[in-house]
Amino acid sequence: MIDAPKEVVLITGCSSGIGKALAQAFHRAGRLVYATARNIEALEGLRREGILVHALDVSETQQINDLREYLQNQGYCVDVLVNNAGFGAMGPSLDITLDVWKKQFEVNLFAPVALIQAFAPDMIKQGKGTIVNIGSISGVVATPFAGAYCASKAALNVATDSLRMELEPLGVRVITVQPGGIRSSFGQQAKDSVSLKTHSFYKPIEAGVLLRANESQSHAMPTEQFAQSVVHKVLSDDCPAVLRLGSKSMLLPMLKALLPTRWLDRIFSRRFHLNKL
């Protein structure tokens with residue numbers, strides 16, 4: 001008699017922040033977790049907690065296919081796939097190079113699609129499965145100096161909407177998580193990689209550009225609280241299709257729906273110093 005495959009939760013981008021907290025929260029909920037990241041050494045702490053770990057660069061399709069084969073050979077099947085890996089390219093759209101624009105979409109959109117194409121067919125054959133894409137409220141409400149990031153998350157939000165409708169009849173749930181401000185290293189990482197040319201038109205308001213890079217950390221929800229809430233919802237039978245948590249995750253979409261576009265533009269222009277140009 002052949003043993004049934006062991007169900008696992010596969011999470012990308014677990015070296016720190018939201019990904020690490022999600023791995024720990026699923027583990028505490030009694031689920032078998034496979035945490036991945038480009039740098040396997042960054043996952044050592046999770047491994048010591050009893051969480052399974054594996055190196056994975058989500059922008060490398062061959063590594064995704066190799067991981068799928070490895071899990072199958074080890075007797076695992078992915079029951080929950082959490083596409084969390086991502087990064088935020090910050091700075092004026094004119095100053096962000098085309099290569100960085102391409103990388104932004106490679107990591108934030110194409111990589112999740114590649115993972116879904118790799119693991120969703122197995123879920124369909126199993127007759128069940130859950131896909132969780134970590135989008136962003138920035139994909140709903142765009143702001144200055146985050147054009148590449150906002151665009152990539154907007155694309156992920158919309159792609160997830162289509163996937164949800166396409167996969168539901170085949171037994172696979174698709175959930176979009178759209179965080180607002182969540183306490184993590186994201187803001188500092190974004191601030192450290194801001195694109196602002198020496199002779200940029202926006203150099204006189206550099207402080208406003210840097211302010212946007214760290215905006216997600218203003219009154220941010222604790223990462224552990226966010227992760228616990230996400231896991232509780234995802235493992236429930238009545239999880240909403242779109243889950244919004246964190247600072248301003250409800251406020252900003254409401255403002256976008258209620259305010260004239262020009263009013264919202266002026267609010268963001270003042271917030272990030274564009275009115276000083």
Side-chain angles (χ1 to χ4, degrees), residues 10-13 17-19 22 58-59 80-90 93 96 100-120 123 129-168 170 172-182 184 186-187 190 212-213 215-216 220-221 226-227 229-231 233-234 238-259 261 264-265 268:
L10 177 63
I11 310 174
T12 65
I18 289 175
L22 285 171
V58 295
S59 63
V80 179
L81 168 64
V82 183
N83 283 309
N84 167 73
F87 83 101
M90 295 290 162
S93 297
I96 297 175
V100 174
W101 272 90
K102 290 177 179 178
K103 180 182 177 183
Q104 183 71 99
F105 275 78
E106 182 72 36
V107 175
N108 287 9
L109 175 64
F110 302 146
V113 171
L115 279 145
I116 291 168
Q117 289 183 343
F119 290 102
M123 293 180 177
T130 299
I131 295 168
V132 182
N133 285 342
I134 307 296
S136 173
I137 207 65
S138 293
V140 180
V141 183
T143 60
F145 309 134
Y149 177 69
C150 291
S152 69
K153 288 299 187 179
L156 180 62
N157 289 346
V158 173
T160 307
D161 286 341
S162 292
L163 282 161
R164 183 180 64 251
M165 291 183 281
E166 293 169 1
L167 293 178
E168 184 177 14
L170 301 175
V172 179
R173 287 193 310 166
V174 179
I175 298 164
T176 311
V177 180
Q178 296 175 354
I182 307 298
S184 70
F186 178 87
R212 173 57 189 93
E215 182 70 5
S216 66
M221 172 185 281
F226 168 79
S229 296
V230 169
V231 170
K233 289 291 187 181
V234 168
D238 60 348
C239 183
V242 178
L243 182 58
R244 289 174 176 165
L245 295 165
S247 174
K248 302 176 185 175
S249 62
M250 303 301 286
L251 174 64
L252 289 177
M254 182 180 68
L255 291 178
K256 184 175 178 63
L258 296 177
L259 295 181
T261 299
L264 196 58
D265 286 354
F268 287 139

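Keep in mind that the numbers below use all heavy atoms, side chains included, and drop hydrogens, waters and symmetry copies.
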Q: Applying side chain to side chain donor-acceptor pair (under 3.5 Å), can you list everything that pairs with T160, at least two apart in sequence or on another chain?
A: N133

Q: Indicate the atoms forming the closest heavy-atom contact of M123 with I131, along with that distance.
A: SD-CG1, 3.9 Å

Q: Can you name the closest pair of heavy atoms from G147 and S93 and give their distance?
A: CA-OG, 4.0 Å

Q: To the closest 0.5 Å, what do you measure between CE (M250) and CD1 (I137)?
A: 8.0 Å

Q: Return the CG to CG distance between L251 and L255, rounded to the nearest 0.5 Å.
A: 4.5 Å

Q: Give every residue pair that meets the side-chain hydrogen bond (donor to acceptor under 3.5 Å, both in side chains) criterion with at least one member in residues 247-256, sequence neighbours excluded.
A: E215-K248

Q: Closest approach of I182 and G246, non-hydrogen atoms and distance?
A: CD1-CA, 3.7 Å

Q: For T143, which residues count as a side chain to side chain donor-acceptor pair (under 3.5 Å) partner, sequence neighbours excluded?
A: R212

Q: Shortest non-hydrogen contact from I116 to L163?
A: CD1-CD1, 3.7 Å

Q: Which pair of heavy atoms, one from S152 and one from Y149, lies closest together, and at what distance?
A: OG-O, 2.8 Å

Q: CD of E106 to OG of S59: how many Å apart, nearest 0.5 Å?
A: 6.0 Å

Q: To check you understand the geometry: which heavy-atom pair defines the closest contact between R173 and V234, and what is its length?
A: NH2-O, 2.5 Å

Q: Just verifying a value: how many Å separate L109 CG and N157 CG, rounded to the nearest 0.5 Å?
A: 10.5 Å

Q: Using side-chain heavy atoms (C-beta onward) and a distance below 4.5 Å, is F145 in contact with M90?
A: no

Q: CG/D238 to NZ/K233 distance, rounded to the nearest 0.5 angstrom?
A: 6.0 Å

Q: Hey, could you give me the CG/CD1 distance between L156 and I134, rounded to the nearest 0.5 Å?
A: 9.5 Å

